[in-house]
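Notes follow the structure.
For clarity, every value in this text was computed on a predicted model and none was experimentally measured.
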Amino acid sequence: MKQKIFKIINVDDDHYLPSKLFDIIIVILIILSMISVILSTFNNIPSWITNLMSKFESISIVIFTIEYLLRIWSADLLYPNNGKIKSRIKYIFSFMALIDLIAILPFYLPFITNVDLRSLRLLRLFRMARIFKINRYTTALNSVSNVLIKKKDQLISSLSVVFILMLIASILMYYCEHDAQPDVFDNAFSGFWWAIATLTTVGYGDI
């Protein structure tokens with residue numbers, strides 16, 4: 001039973017029909033969840049749409065929760081070299097498992113703790129994490145992930161060089177502009193903010 005469930009809930013690689021159908025259903029649920037989040041930002045939505053969105057959210061949460069629990073249960077097949085407990089702990093703290101948890105946790109928080117009602121709206125934003133779940137089911141996103149993992153050393157090196165250049169530029173800018181604009185460039189961190197604004201091309205305005 002566990003072998004069959006594991007084969008179904010993992011991405012279909014050999015055209016296994018139940019697995020392919022499961023993938024399609026999850027992707028559709030993720031897309032509909034994103035549409036629901038977008039619609040929730042509109043004012044004066046008809047009550048029937050609000051009710052429909054609420055029912056859909058409950059159904060999708062149940063499906064995502066079952067999926068999450070099944071993935072934990074079958075984690076020993078994903079990591080066959082580890083024991084049952086160790087493999088499940090390893091899976092729980094993996095990136096995709098954390099995304100799965102974040103995607104469903106806001107729904108259950110009001111039931112297990114006293115959450116301020118004003119924060120519920122903010123917690124709903126965590127539903128956007130579901131879009132990362134689609135990474136499992138798309139070759140393109142998997143390719144990007146693989147490249148980021150394989151080239152992490154080069155990427156870290158590039159970011160380190162950029163950071164050093166920004167740091168040097170911020171100190172130079174402080175010494176160049178401090179006397180002329182002491183209220184604006186009052187320390188090196190002001191220059192660093194200028195460097196960030198320049199690098200990201202977000203514009204100035206304040207400096």
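- Considering every non-hydrogen atom in both I63 and I26, the closest pair reads CG2-CD1, 4.1 Å.
- D186 places no side-chain N or O within 3.5 Å of a backbone atom of P182 that could act as its donor or acceptor partner.
- When hydrophobic side chains of Ile, Leu, Val, Met, Phe, Trp and Tyr are connected at separations under 4.5 Å, V161 ends up clustered with L165.
- Counting Ile, Leu, Val, Met, Phe, Trp and Tyr side chains that sit under 4.5 Å apart, directly or through other members, I149 stands alone, with no cluster partners.
- Remark: K84 engages no residue in a side chain to side chain donor-acceptor pair (under 3.5 Å) (not counting sequence neighbours).
- Applying the side chain to side chain contact (heavy atoms under 4.5 Å, CB included) criterion to Y174, with sequence neighbours excluded, gives H178.
- Heavy-atom minimum distance, F22 versus E67: CZ-CG, 3.8 Å.
- Of all non-hydrogen atoms in G191 and S170, the two that sit nearest each other are C-CB, 3.2 Å.
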Item to check | Test log, rule salt bridge (charged side-chain N to carboxylate O under 4.0 Å, His left out), inputs K86 and D76 | outcome: CA-CA 8 Å; K86 193 174 179 180; D76 55 315; over 6 Å; no

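- Every side chain to side chain contact (heavy atoms under 4.5 Å, CB included) that I89 has, sequence neighbours left out, goes to I85, F93.
- Within the model, atoms OG1 of T50 and CG of N44 stand 10.0 Å from one another, a figure rounded to the nearest 0.5 Å.
- Minimum heavy-atom separation, R88 to I72: CG-O, 3.0 Å.
- Residue M53 holds its CE atom at 10.0 Å from OG of S33, rounded to the nearest 0.5 Å.
- Residues forming a side chain to side chain donor-acceptor pair (under 3.5 Å) with S54 (at least two apart in sequence, or on another chain): none.
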For residues 151-158, which side-chain donor-acceptor pairs fall under 3.5 Å, sequence neighbours excluded?
{"unit_1": "S157", "atom_1": "OG", "unit_2": "D153", "atom_2": "O", "d": "2.9"}
{"unit_1": "S158", "atom_1": "OG", "unit_2": "Q154", "atom_2": "O", "d": "2.9"}

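- The side chain to side chain contact (heavy atoms under 4.5 Å, CB included) test applied to T65 returns I61, L69, I104, Y108, not counting sequence neighbours.
- In this view, F163 and F192 satisfy the ring-ring contact (aromatic ring centres under 6.0 Å, His included) rule, not counting sequence neighbours.
- With a 6.0 Å radius and a threshold of 12 heavy atoms from other residues, nucleotides or ligands, D183 has its CG atom above the threshold.
- Closest heavy-atom contact between D100 and R71: OD2-CD, 4.0 Å.
- With sequence neighbours left out, the side chain to side chain contact (heavy atoms under 4.5 Å, CB included) criterion links P80 to no other residue.
- Taking Ile, Leu, Val, Met, Phe, Trp and Tyr as members and joining any whose side-chain heavy atoms lie under 4.5 Å apart, directly or through other members, F189 forms no hydrophobic cluster with any other residue.
- Summarising the geometry, atom CZ belonging to F56 is positioned 4.5 Å from atom CG belonging to L32; distances are rounded to the nearest 0.5 Å.
- The main-chain N or O of V184 is found under 3.5 Å from a side-chain atom of S190 such that the two form a donor-acceptor pair.
- Taking CG of L172 as the start and CH2 of W194 as the end, the distance is 9.0 Å to the nearest 0.5 Å.
- Taking each heavy atom of S74 and I9 in turn, the nearest pair found is OG-CD1, 3.6 Å.
- Not counting sequence neighbours, N82 has no partner by the side chain to side chain donor-acceptor pair (under 3.5 Å) test.
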